Amino acid sequence: MAADSGWPTGVGRRIYDTLDSTNAEAARLAPELAGPTWILAREQTAARGRRGRPWQNPAGNFAATLVSRPDEPPERLALRSFVAALALRDAFVAVTGRPGSFALKWPNDVLLNGGKVAGILLETLTGGGTPWALAVGVGVNLRMAPDRAEVEPGAVAPVSLMSETGACLTPEEFLDQLAPAYAMWESRLTTYGFAPVREAWLQNAARLGETVTARTGRDSWEGRFETIDDSGALILVTARGRQAIPAAEIHF
Ligand SMILES: O=C(O)CCCC[C@@H]1SC[C@@H]2NC(=O)N[C@@H]21
């Protein structure tokens, strides 16, 4: 397949050797961009993960951010974490041919053989309190997983695509798979709403129906992972009843 044959219409692409963080570059570039744009960096010196954690980005791994200006309320912007997770799964399946090996961990991770192979960091750019642009940052352990010791105790162990499947891709080749897959799920979301995205996400959800623990900095809930609701919140059936949790980390 020619490198550009499936690139989505109307979507830009900028490729850098080194950046501090593709999400930081997204914030700097957003005011001047005419349309949605993927920003890819071969190396990041200050990559960030969720909850203020650093993100390890060894050379050869994938680091990119899609910056766009969807004209939508903030709660709809957040649904892009499900769009990105499904797009990642499609890209992984396309390059490995192994649909059964990947699962989606609420809210923002992709698992491969039970280990974390990709994470997503959504950031909204605000002006005067109003969100006006969205940065969807995606990090994939294409070649190398960070050391187990580098991740939080209790977190899912990191794995790399190459070590688990033998697939050996450059970040640019992976972006050529991810960008059209993202555009397809984005179009489904904007055309039909969250329902088909939610359904597809649930079909691939890790630990659905099982007992999990959801933790925020302050609270912790244990319960059966029943579903996600139409805002993307985790629904746990706990000893004290059904609980909708909009944001947390889940532990198995
Ligand atoms: O904590 C997580 O799991 C999310 C990790 C997101 C990392 C990616 S790498 C590309 C983009 N730029 C960043 O600084 N972070 C995200």
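Residues take their numbers from the sequence shown, with the count starting at 1. Counting starts at 1 for both ligands and their atoms, in listed order. On a predicted model such as this, the values are computed, not experimentally measured, just so you know.
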Provide the number and element of each atom of ligand 1 under 4.0 Å from a heavy atom of A64.
-> 10 (C)

CD1/I245 to CD1/I228 distance, rounded to the nearest 0.5 angstrom?
-> 13.0 Å

Donor on one side chain, acceptor on other, R80 and S68, under 3.5 Å | no

Test item, R51 contacting ligand 1 (heavy atom, 4.0 angstrom) = no

Evaluating non-hydrogen atoms only, which member of K116, R53, Q44 is closest to atom 2 (C) of ligand 1?
-> K116

Taking only heavy atoms of D109 into account, list the atoms of ligand 1 that are under 4.0 Å away from them.
-> 3 (O)

Compute the shortest N/O to N/O distance between T22 and ligand 1 and return yes if it is under 3.5 Å, no if not.
-> yes

Flag for W185-D90: side-chain donor and acceptor within less than 3.5 Å = yes

Could you tell me how the ring of F62 sits relative to the ring of F174: parallel (under 30°), tilted (30 to 60°) or perpendicular (over 60°)?
-> perpendicular

Do side-chain atoms of N204 reach the backbone of A200 as a donor and acceptor pair under 3.5 angstrom?
-> yes

Would you verify whether the NZ or CZ of R13 falls within 45 degrees of the ring axis of W7 while also being under 6.0 Å from that six-membered ring's centre?
-> yes

R207 NZ/CZ over F252 ring centroid, <6.0 Å and within 45° of normal = yes

For I120, the ligand 1 atoms whose distance to one of its heavy atoms is below 4.0 Å = 4 (C)

Nearest non-hydrogen contact to atom 6 (C) of ligand 1 from the set R48, R50, E25 belongs to R48

A student checking ligand 1 against T65 at a 4.0 Å heavy-atom cut-off should list atoms 11 (C)

Report the nearest protein non-hydrogen atom to atom 5 (C) of ligand 1: residue, atom name, distance rounded to 0.1 Å.
-> W55 CE3, 3.3 Å

